[in-house]
Amino acid sequence: MPKVLGNDMATETNQLLRSTLPTLVEEFSDGVAVARVLGENAPLLYVNKAFERLTGYERHEALGKDCRYLQGNERDQPEIALMSTAIKAAEAIDVTLRNHRKDGSVFWNSLSLRPISVGGELLYVGILRDVTTIRQTEIALERAANFDGPTGCLNRQSFLVAAERRAAMHPGPVLFLKLDVIGFHDINAGYGFDIGDSLLLETGRRLRETGAALVARVGANEFALTFELQDESNAPAIVERVSATLSQDFVVPGANASLRFAFGFAVGDPGSSAVSAIRNAGTALHAAKSDPLNGPRRFQRADEEEARRRVQMTRELRAAINNDEFTHHFQPQIDLATGEWVGAEALLRWNHSLFGSQPPGRFIDAAEKTGLLLDFTERGLIAVASFAQRVNAHRVRPLRFSVNVSVTEFLHRDIAEILSRVLQRTGVEPSWLTLEITESMFLNETSSVLEAFRRVRDLGIGLSVDDFGTGYSNFRLLEKFPITEIKIDRSFVGELTAGPAKMVIVRAMIDLARALGLSVVAEGVETEAQRALLSGIGCPFGQGFLFGAPVDRGRFEASLGAQSDPFGS
């Protein structure tokens, strides 16, 4: 390119450039522009035909303008600052910008800037290429990688990264809130997954309107939010505001639902780890879910200790299952009129390597919540059935053995199929086995649960309601579910002699069971007076320390063999 004097007018430089640039440049498919650097400005000296097609601006409209006019009001793009720095240092740079055409439409511009010196002047040659389709694909892929499809919120991994970055930049405390839709499994089962997805979408929309800095879906029905605070004392009010946002009924196509939420939150100190605070909010949420009626729960150190104990318990339970450390103790059930043994309840025990025999109250809740109880179900049923087969091999009146099962077995396993395998493997008579369930099972009055109950009964195995009278039972459900037995809770039996009220209630339970064709077992019988009263009002069977404590299978068989005149007559 010929040398151009420093004092030449812009028009002369433009004419020189036009005459010396190869004709080929005019026919490039990519836009080409040349600009002179004058302080903070860089007016255009030359543009080719492709530039005109790309931007919609004709040559006479572009020359003399700084290229920043193509950015419209989007001057806050970080790439612009990078360009400015490179131009001041007379360096080459490649960036991708959002630019605006003359008609207002947006396109993504892949821009390569290269400095040249002409007659002592600094010029820049720019190559412009429309990469809108490519960039839109990249954005779509980026969005798919960073956002949750059903709700439009951030996904878990993107939330963690963004929360850590924002927490490091924010000079004040940061509120981390986690919430869970209570009973969402029942919503999907009752309304269908399409309605469930619509409710999650509406939940995400409402949460994004709370003013949160970040909103994410971090689990199947769990969300997380961050709020950048000026004062930590504002945190409870913000949590209450979020709760109020979700309190109104959710109206979506096909459903009008009232959702309940559990909330856990924690406040991170300025500059502290966001991941740690998020974990604390999750710990608080876990505690809140055990009693959601108490409202939002703030993280407490006691929650952290409890979480550690749960982790330790889970690890020990998993090892215990692998090491076959679980067994059953057996407590006899007695004919209250004759004193004859009629059955036994198989009570799960953990032979802990350090602490010895542990009752279910120490571990069953953790085993159920972690799903480890399912790993033991079939193995435990086989053990009890095999024992029943051995005990009853030569008895004229066989004993019935009852085994406690949880709602988890009915909701997450095909319990009837498991029992079929148990019967085939052990050869036990189905009538010798009874499953004991708690009254909370009645909260799951779904077609699948009812069908599971019926299939169990079709096998000939009994179904007993444990702790009857303390929970959710009602007469209609007793009639609807194929129950064979109720067990009167020990709280009623223990107060039989205290006054007439408990006697009236227990008598009503017995009469109800008789009318429905159900057997009755009274739990917690500890005195002869209780036995006599129960027998007198028609209760056929009893269980309790008056007749024997739970013992291992060896001592149970020995006691059974020595059985004679248990009432001392």
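Side-chain N or O atoms of Asp231 include none that pairs as donor or acceptor with a backbone N or O of Asn234 at under 3.5 Å. With hydrogens and angles disregarded, no donor-acceptor distance shorter than 3.5 Å links the side chain of His170 to the backbone of Phe227. Asp66 contributes a side-chain N or O that, together with a main-chain N or O of Ala42, makes up a donor-acceptor pair within less than 3.5 Å. Of the possible donor and acceptor atoms, one in the side chain of Gln77 sits under 3.5 Å from a partner among the backbone N and O of Arg98. A donor-acceptor contact shorter than 3.5 Å links the side chain of Ser420 to the backbone of Ala416. Side chain of Arg59 to backbone of Val47: a donor-acceptor contact under 3.5 angstrom is found. Side chain of Asp269 to main chain of Ser272: no donor-acceptor pair is present (N/O by atom type, distance under 3.5 Å, no hydrogens or angles). Under a 3.5 Å cut-off, the side chain of Asn48 and the backbone N or O of Val25 do form a donor-acceptor pair. The backbone N or O of Ile80 lies less than 3.5 Å from no partner atom in the side chain of Ser84, so there is not a single donor-acceptor pair.
Residues Asn404 and Ser406 fail the side-chain proximity criterion, which asks for heavy atoms closer than 4.5 Å. With contacts defined as side-chain heavy-atom distances shorter than 4.5 Å, the pair Arg379/Asp324 qualifies. Counting only heavy atoms from C-beta outward, the side chains of Glu79 and Asp94 never approach each other to under 4.5 Å. Using a 4.5 Å heavy-atom cutoff, the side chains of Arg421 and Ile382 are not in contact. Contact annotation: the side chain of Pro296 approaches that of Val239 to within less than 4.5 Å [non-hydrogen atoms, C-beta and beyond]. Using a 4.5 Å heavy-atom threshold, the side chains of Leu177 and Ile238 count as separate. For the pair Leu154 and Phe147, the minimum side-chain heavy-atom distance is below 4.5 Å. Using a 4.5 Å cut-off on side-chain heavy atoms (C-beta onward), Leu259 and Ile187 make contact.
Counting all heavy atoms, side chain and backbone alike, Leu225 lies closest to Ala212 at CD2-CB, 3.8 Å. Between Ala266 and Ala281, the closest heavy-atom pair is CB-N, 3.8 Å. The shortest heavy-atom contact between Cys153 and Phe223 is SG-CE2, 4.3 Å. Considering every non-hydrogen atom in both Ala284 and Phe265, the closest pair reads CB-N, 3.9 Å. Here the closest non-hydrogen pair linking Thr96 and Ser110 is OG1-CA, 4.2 Å. Across Leu44 and Phe51, no two heavy atoms sit closer than the pair CD1-CZ, 4.2 Å.
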Exercise. For Met83 and Leu113, what are the C-alpha separation, side-chain angles and deciding distance, and is it a side-chain contact (heavy atoms from CB on, under 4.5 Å)?
Worked result: CA-CA 9 Å; Met83 289 169 53; Leu113 291 177; 3.9 Å; yes
For this session: Show the numbers, then the answer: is there a ring pair (Phe, Tyr, Trp, His ring centres under 6.0 Å) between Tyr57 and Tyr69?
Result: CA-CA 11 Å; Tyr57 290 94; Tyr69 78 94; 4.9 Å; yes
Exercise. Are Leu381 and Leu419 close enough, and set up right, to give a side-chain contact (heavy atoms from CB on, under 4.5 Å), and what steps lead you there?
Worked result: CA-CA 8 Å; Leu381 287 168; Leu419 289 167; 3.9 Å; yes
Exercise. So Leu207 and Leu179, side-chain contact (heavy atoms from CB on, under 4.5 Å) or not? Walk me through it.
Worked result: CA-CA 11 Å; Leu207 292 176; Leu179 58 96; 3.9 Å; yes
For this session: Apply the test side-chain contact (heavy atoms from CB on, under 4.5 Å) to residues Asp414 and Arg455: give CA-CA distance (whole Å), side-chain angles for both, the deciding distance (0.1 Å), then the verdict.
Result: CA-CA 10 Å; Asp414 188 340; Arg455 290 176 62 205; 3.0 Å; yes
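Considering CZ of Phe261 and NZ of Lys289, their distance stands at 13.0 Å, rounded to 0.5 Å. One distance of note links NE2 of His100 with CZ of Phe107; it measures 9.0 Å at 0.5 Å rounding. The structure places CG of Leu175 at 8.5 Å from CZ of Arg298, a figure rounded to the nearest 0.5 Å. The CD1 atom of Ile278 lies 8.0 Å from the OG1 atom of Thr226; values are rounded to the nearest 0.5 Å. In this structure, the separation between CG on Asn221 and OG1 on Thr203 is 9.5 Å, given to the nearest 0.5 Å. Between the OG atom of Ser258 and the CG atom of Leu246 there is a distance of 11.0 Å, given to the nearest 0.5 Å.
Within a 6.0 Å radius of CD in Glu40, no more than 12 heavy atoms belonging to other residues, nucleotides or ligands are found. More than 12 non-hydrogen atoms from other residues, nucleotides or ligands lie less than 6.0 angstrom from CZ of Arg206.
Residue Asp130 forms a side-chain contact (heavy atoms from CB on, under 4.5 Å) with just one option from Thr132, Ile134, Thr133, and that option is Thr132. Among the candidates Lys178, Arg217, Arg156, the single residue satisfying the side-chain contact (heavy atoms from CB on, under 4.5 Å) test with Glu222 is Lys178.
Salt-bridge annotation for Glu202 and Arg205: present, with a side-chain N of the basic residue lying under 4.0 Å from a carboxylate O of the acidic one. With respect to Arg101 and Asp103, no salt bridge is recorded, no charged nitrogen being found less than 4.0 Å from a carboxylate O.
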